[in-house]
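Structure, as structure tokens:
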Amino acid sequence: MDTTPLLLVQDLHKCYCPAEGKVVTQVSFAVQEEEIFALLGPSGCGKTTILRMIGGFERPDQGRILLKNRILSDAHTWVRPEKRGVGFVFQEYALFPHLDVRANVMFGLHHLPKSDRPDRADEMLRLVGLQKLAHRKPHELSGGQQQRVALARAMAPKPQLILLDEPFSNLDAVLRNETRDELRLLLKKANMSAILVTHDQEEAFSFADRIGVVQEGHLEQLGTPEELYYEPNTLFVAQFLGKTNLFFSEAAGNTAQSPVGTISLKRAAKGDVLVALRPEHLDIRLVNENDPIHAEIISKDFRGHDITYRLRQKELEFLVHTDNRHHFNVGDRVSVKPIEPGVVLKRA
Amino acid sequence: MQNRSRSPIWLFSALLTAGMLLPLLFLLLNALRADEATLAEVFTARTWLLFRDTLLLMLAVVAFVMVLAFPLAWITTRTNMPGRQILTWLGALPLAFPGYVMAYALLAIGGDYGMSAQLLNISIPRFYGFWGACLALTITLYPYLFLNLRTALLGLDPSIEESARSLGMSVQQSWFRIILPQLRPALLSGSLLVALHVLGDFGVVSLMRYRTFSFVLYQATEMSNPVAVACLALIPLGITLILLWIESRQLKELRLDTSSRATKRRFRLHEIGYFRWLAWAVSGIMAFITVVLPLLCIGFWGLQSRDTTQWKDLLTSLWASTSVALPSAVSGALFALLLAYGAVRYPSFQTRLFERLAYMGYATPPVVFGLAFIAFALGAVPFLYQTMILLVFAYVFHALAEAIGPVRSSLFQASPRIQEAARSLGVSGFSAFRKVTLPLLKRGLLMSMAFVFLSIMKELPITLLLAPIGFESLAMNVWQYTTTANFAAAAPYALAIVTLSSIFVGLLLHREKA
């Protein structure tokens, strides 16, 4: 089996004018064939810059980018964007406003004989369900339709990799979820690889096979959505990917003594540590005289299928997430018990 | 990648600004050669009077323009006055009459042989001197402030005013404490624009025989020594720089950001009520003076000249004007594209500075600008003196600022992402520009060309100073015949200019709408 990854990014550096303060440092990752990868991070963290370097719109100061073992960029080589065979879907879609939908999709098909181009364009439009709108101009389309045209246009020349720069951010909430699922299905059907850039944790989780979390220009952690959620390495990753409780604890091997009782640990540790535990990994019940740990419910956030309680125990506040079968009221005294192992976070 | 495409643009922009500044530098060098005798010749009590008279005219025109433009802008944007649209058109139409045509009309009405004497047997005194110049300039320049204020009023966010009302302010209070402060940038930049035009005006003051720097400098070119002329030219140049400095300083402090455009709602229009009769009367009189009267005058004198050879010579003159205006328009739009491209796509201190400097050619009084080009030609490239090439260059640099606006806004619409999208689809850099960016700039470029073309067709002082011997533009003919009170002979040329300028105003309004 061929083990070389489709895309290899090694030790990428990029420094803008110091005034802007935007930097990318030491970014390395690989994307496999048919894999959907996401770069996830807060806005301004440099993830779009990484994507633009892969696309060829920014030149790295240092590092290498290889696509199927072909060097796209290193200290001596620079392949221009039009020679890379990498598709790009822009945040604002960047459809050519003076061309109709079909002409937009045909734009990148110059390698095909002229007579074959309309067929290929129509095939792509059928794929994204827009064959009826082939003669519309971009401004006559809705946001979701424009997004699909942008995708069809990028996919039409059959690039080896598609780069998606926050493609869902201009859509409203309902449309966003729908298009996201559709797009993932399309990419998987076409056996294509893609890199998605997003600041939305939920979007990255449901769209990507693997995620790289970016913060202040460097890769904080790489992994599948599950790995990142259940085993964050750092405080940043733990907090960025959903709500989390942090407990200062005393670790001794595979367990730690925390204010909410003994927590078993996924990674053995010793001494004073910071343990992260997801709110759904705590169980609460109405207080029983024998229970050692008591806390008071200070607020309740009911969201239909689940409930989040905020609890206070002495000076400490934390969250507990339960399904809607467990009802408590504000002011109830409850006992708390960790039911899943926690993660020891690396000290920054 | 970014740096690679940036350098040629940078270089072009730098060259362009050098081309703009070099003539002014030569003028400065000439002035620096002045000895004590020359200085004594220049800085006399008469120069002080000249300074006072120039400032007086600037202040008077700005004041009159404000009195006219403010209510008109308010009425056409914020009241339910019937016929607002027509009033807007009428308010912009004086732009179609270059100052010297307006002066021509005012001069040709009065006097013993004037239109009113011949038609109505009423001999009214001829407008002349300070009041004549003041009237002609006020009429031709007020649209600048009017359009500026209109745009500002239309751009105000109703929710700001509404929140003032919800905080307990009356209509009057919110007008003085909320609306007026928000209009200050438009008021200031509009007034400065008017002041710059008065300072630079040559046509009106020369025909009205009112001595300002522009008029005196032009007269001086024929007799005095070039060093003395250069010294004198530095004074209006200095005033220009001070005005530009005030503008950039004040506007920086006054930057008022409104909330995003998407959420903007329309204003509820005020009831104008019986006040409309007064509004109609005043604007009726205005329309008569600014539009009907000049047209009537040109028509009347034009009929008188129908048997002369003027109409035949008109074609020769039209061709002469066009033959320089066309190449100027094309190169002006091209230069504007380069400057705007640099400033929009690679914003940096330098590219902004270059773009800003392009306004120097527009703001510098045209007579001074022409003198600078003469100094430059005689000092550096004597073989270009009195050639079409020099004339075209002077035109282009003079009109460059007008060309930048439309190109700039169309560049903002053509997002750089679009060109990148083309490249990610396998189209190379220049070809991507040609295939996707250029089609989006076409409208802006054509608009720029039209602006430069028409502004050059009307241009007077630079043409008078730099034209090769034997070259006679439309504007030169109007001016020359009017100075000798040959109103009939001037009429066909004035008519041609007004026709061309009307197209210009049409374009301008079209742009405001878009």
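Chain A is the first sequence line, chain B the second, and so forth, proteins listed ahead of strands; every chain is numbered from 1.
Interatomic distance, CD of B:E420 versus CD of A:E58, reported as 7.5 Å (0.5 Å rounding). We find the OG1-CZ distance between B:T437 and A:F96 to be 8.5 Å, quoted to the nearest 0.5 Å. One finds the CZ atom of B:R417 at 14.0 Å from the CG atom of A:L95 (value rounded to the nearest 0.5 Å). Atoms CZ and CZ, from A:F57 and B:R423 in turn, are 7.5 Å apart once rounded to the nearest 0.5 Å. For the atom pair CZ of A:R84 and OG of B:S424, the computed distance is 11.5 Å after rounding to the nearest 0.5 Å.
Counting all heavy atoms, side chain and backbone alike, A:A94 lies closest to B:A421 at O-CB, 4.0 Å. Residues B:L440 and A:P97 come closest through the heavy atom pair CD2-CG, 3.3 Å. The minimum heavy-atom distance between B:S428 and A:E82, with the atom names listed, is CA-OE2, 3.0 Å.
Ranked by heavy-atom pairs under 4.5 Å with chain A, the first of B:P416, B:A422, B:S415, B:A414 is B:A422.
Heavy atoms of other residues, nucleotides or ligands lying less than 6.0 angstrom from CD of A:Q26 number 12 at most. Under a cut-off of 6.0 angstrom, the local environment of CD in A:E92 is crowded, with over 12 non-hydrogen atoms contributed by other residues, nucleotides or ligands.
Contacts of A:K68 classified as side-chain contact (heavy atoms from CB on, under 4.5 Å), with partners at least two apart in sequence or in another chain: A:L6, A:E33, A:Q160. Listed by chain and residue number, A:V174, A:L175 satisfy the side-chain contact (heavy atoms from CB on, under 4.5 Å) test with A:D172 (two or more places apart in sequence, or in another chain). Residues that satisfy the side-chain contact (heavy atoms from CB on, under 4.5 Å) test with A:V101, not counting sequence neighbours, are A:L125, A:R136, A:L141, A:V149.
Taking 4.5 Å as the heavy-atom cut-off, the residues of residues 102-120 of chain A that approach chain B are A:F107, A:G108, A:H110, ordered by number.
Both the backbone and the side chain of A:F88 come within contact range of chain B, with heavy atoms under 4.5 Å apart.
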